[in-house]
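Inspection log for the structure reproduced underneath, given as structure tokens.
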Protein chains: 2
Amino acid sequence: MVTLAEVAHHAGVSASTVSYVLSGKRSISASTKDRVEQSIRELGYHPNAGARALASSRSNIIALMVPLRTDMYVPVMMEIAIAVATTARTHGYDVLLLTGEEGPEAVRRIEGSALADAMILMDVELDDERLPLIRETDRPAVLIGLPADPTGLTCVDLDFVATGAQCVDHLFELGHREIAVIGEAPAVYERHTGFAERTLDGLRARAREHGVRVLHRPCEGTYDALAATLARIFDERPGTTGFVVQNESAVEPLLSLLRRQGRAIPEDVSVIAICPDQVATQASVRLTSVAIPAQEMGRQAVEQVVAKLRGQGADEVALLVPELTVRASSGPGPAK
Amino acid sequence: MVTLAEVAHHAGVSASTVSYVLSGKRSISASTKDRVEQSIRELGYHPNAGARALASSRSNIIALMVPLRTDMYVPVMMEIAIAVATTARTHGYDVLLLTGEEGPEAVRRIEGSALADAMILMDVELDDERLPLIRETDRPAVLIGLPADPTGLTCVDLDFVATGAQCVDHLFELGHREIAVIGEAPAVYERHTGFAERTLDGLRARAREHGVRVLHRPCEGTYDALAATLARIFDERPGTTGFVVQNESAVEPLLSLLRRQGRAIPEDVSVIAICPDQVATQASVRLTSVAIPAQEMGRQAVEQVVAKLRGQGADEVALLVPELTVRASSGPGPAK
DNA sequence: TTGAAAGCGCTAACAA
DNA sequence: TTGTTAGCGCTTTCAA
């Protein structure tokens with residue numbers, strides 16, 4: 001292994017000079033700098049991560065806690081994780097992948113061992129067990145997702161309240177007055193996942209304003225479950241003409257079942273999906289949708305965390321503005 | 001921050017004793033051990049990762065290189081990554097998430113900086129740029145996937161040749177004599193992704209043995225692309241009665257299009273998917289499928305890498321035996 | 001603009 | 001069974 005001392009010797013300078021060339025924390029003459037950089041390249045030197053962490057008490061690692069479950073939004077999770085990793089690299093950080101399995105203990109472990117300088121938490125629940133620890137620690141942390149009480153926390157998320165509202169607006173403007181919402185699996189609501197409830201809040205509030213009726217049904221992403229849900233919806237509200245789907249795996253079953261029932265999209269019913277663009281464009285009908293900006297969320301989380309590591313960022317909730325893209329699945333509602 | 005020295009003082013022993021209690025590398029009297037462990041708990045001590053890595057030259061970190069693209073098998077990737085992370089934890093390792101973005105340089109960086117003790121590479125291509133470096137390094141490495149030349153490498157993968165063969169066997173036994181293979185997107189074949197080509201090899205070889213005709217068509221996962229592909233297939237081989245799909249996003253379009261054409265599953269055509277069980281069971285028809293055992297692959301990769309870190313494992317290719325599950329999408333072929 | 005040297009917190013010989 | 005101590009490779013203060 002090549003050490004800093006070896007580089008120093010090879011370049012004919014002291015160890016500290018090499019260190020300062022690397023960190024740029026002190027001005028170095030051009031010639032010395034060149035010589036050192038030359039030696040670094042020739043010897044293929046890489047600073048030892050452990051030694052560096054020990055001496056500087058900074059590991060240059062950001063911990064990313066992903067949820068253990070893979071029952072929801074998996075591609076979104078993956079996209080966020082990858083965006084986090086690549087963005088982190090552009091700032092000189094590596095990413096440590098932690099699963100939710102360890103629970104709050106993971107936060108303590110990272111903090112105690114100084115394994116990571118900061119953390120990013122995904123899939124935060126409304127009343128997440130890890131939050132008290134996060135509030136106490138002085139390690140910068142950013143949440144992807146929004147808990148019930150974000151006081152003293154930094155959060156990045158899509159504005160799901162506005163998302164819900166936009167969906168209602170769009171359907172309302174098209175003339176729809178009875179809307180059904182196909183939601184995530186019941187378990188998702190039972191564990192009070194923030195985005196699902198906030199979407200619902202946004203939907204309902206706006207629906208009330210417009211005098212639109214809303215029916216919400218959580219639903220597993222299987223054909224059978226969806227068939228049952230759909231039957232119930234049309235039983236209870238035969239006049240339903242607008243659908244909002246927030247459940248990736250329910251999208252295709254919904255489209256397929258509506259077709260089988262002879263309901264044309266968008267002539268008879270309109271469908272809006274809340275999902276990544278990829279899902280919306282690859283579906284059997286090109287779906288009008290509000291995009292889930294996974295990459296952007298990952299990127300912003302890292303930017304925030306890096307700012308905090310530099311002592312710049314302040315606690316704040318950054319809600320990304322939802323964008324509704326009109327495609328082929330929404331059209332005018334019933335003539336009055 | 002609580003240090004080992006503080007624990008030692010609190011317990012009234014020397015630093016090394018605490019260290020040995022932690023590592024178990026030396027026998028300690030029960031009473032001393034108890035006292036030390038008590039102190040550790042009381043003080044909430046966690047060993048400093050940097051210091052430990054520096055002193056022991058082991059970071060207890062495994063690097064996981066995931067592909068940058070998210071165009072393929074995303075849920076599988078995520079499942080593998082999570083399995084890797086959780087399995088690693090059971091062995092006391094953490095996981096560093098690297099994207100393919102850095103390319104081979106990442107291997108050098110990890111090696112040079114001693115950031116990780118070992119690496120696991122996902123989505124290995126047949127002639128992967130990183131392989132020469134992996135062969136040279138003395139850091140244990142395990143590939144998930146199989147390159148063209150696995151000499152001197154340790155690999156874990158599903159036996160895709162056998163997978164292809166099993167699909168043909170099943171269809172052959174049911175009486176099908178003309179089979180079409182809906183493959184991954186053309187780009188996947190162009191970059192010579194091992195599993196796709198190996199599946200094809202297995203399919204074709206077994207088909208030859210049985211005297212079954214095979215047509216292979218790479219295909220994007222959109223409805224339009226699939227519609228075109230399907231039309232071409234039935235033009236060229238009107239007698240096609242068996243389908244093998246190896247493309248998650250093509251599954252639902254395929255089922256839907258076949259239905260629209262009035263081809264009943266499994267009465268008129270049989271469909272076998274090569275995909276995670278979750279996809280097979282959630283599709284509109286419960287699909288006969290060969291499962292992609294993502295968790296198992298991740299788990300085994302970690303077990304292998306940990307064995308190597310202990311100086312136990314040897315280079316070998318571990319091919320998981322594919323399992324075909326008969327569900328509702330395959331049935332008897334045309335009467336002769 | 002550069003160098004010398006004192007740690008950072010831990011591990012693992014070496015001693016007892 | 002336990003203690004003492006010399007580093008691991010780097011950062012950073014202090015000195016020049």
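What you see is a predicted model; the values in this text were computed from it and never measured. Heavy atoms only: backbone and side chains are in, while hydrogens, waters and symmetry mates are out.
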(message) Quick check against the 3.5 Å criterion: does A:Thr137 have a side-chain atom that pairs as donor or acceptor with the backbone of A:Ile134?
(response) no

(message) Just so I know, are the side chains of B:Leu22 and B:Arg52 near enough to count as touching, which here means a heavy-atom distance under 4.5 Å?
(response) yes

(message) Using modelled atom types and a 3.5 Å cut-off, is there a donor and acceptor pairing between side-chain atoms of B:Glu6 and backbone atoms of B:Thr3?
(response) yes

(request) In plain terms, say whether A:Arg109 and B:Asp94 are close enough for a salt bridge, that is, a side-chain N and a carboxylate O under 4.0 Å apart. (result) yes

(message) For B:Arg139, give me all partners under side-chain hydrogen bond (donor to acceptor under 3.5 Å, both in side chains), at least two apart in sequence or on another chain.
(response) none

(message) For a 4.0 angstrom threshold against heavy atoms of chain B, report the outermost contacting nucleotides of DNA chain D in 5' to 3' order.
(response) D:dT1 to D:dG9

(message) What's A:Thr32 touching, base or sugar-phosphate or nothing? Going by heavy atoms closer than 4.0 Å.
(response) sugar-phosphate

(message) Across nucleotides 9-16 of chain C, 5' to 3', mark each nucleotide with B, S or - according to how protein heavy atoms within less than 4.0 Å reach it.
(response) BBSBBB--

(message) Using only atom types and a distance under 3.5 Å, with no angle test, would you say the side chain of A:Asp128 pairs donor to acceptor with the backbone of A:Glu125?
(response) yes

(message) What is the distance, to the nearest angstrom, from the NE2 atom on A:His9 to the C1' atom on C:dG3?
(response) 15 Å

(message) Please report the end-to-end axis angle for the helix from C:dT1-D:dA16 to C:dA16-D:dT1, five pairs per end, rounded to 10 degrees.
(response) 30°

(request) Specify the closest pair of heavy atoms between A:Met65 and A:Gly103, including all atoms of both residues, with the distance to one decimal. (result) CE-O, 4.0 Å

(message) Please determine whether a side-chain nitrogen or oxygen atom of A:Thr17 lies at a distance below 4.0 Å from atom OP1 or OP2 of C:dG3.
(response) yes

(message) Going by the rule salt bridge (charged side-chain N to carboxylate O under 4.0 Å, His left out), which residues pair with B:Glu101 if we only count those two or more places apart in sequence or in a different chain?
(response) none

(message) Is any side-chain heavy atom of A:Leu4 closer than 4.5 Å to one of A:Ser19?
(response) yes

(message) Applying ring pair (Phe, Tyr, Trp, His ring centres under 6.0 Å) as the test, list every pair that has at least one member in residues 127-160 of chain B; sequence neighbours left out.
(response) B:Phe160-B:Phe195

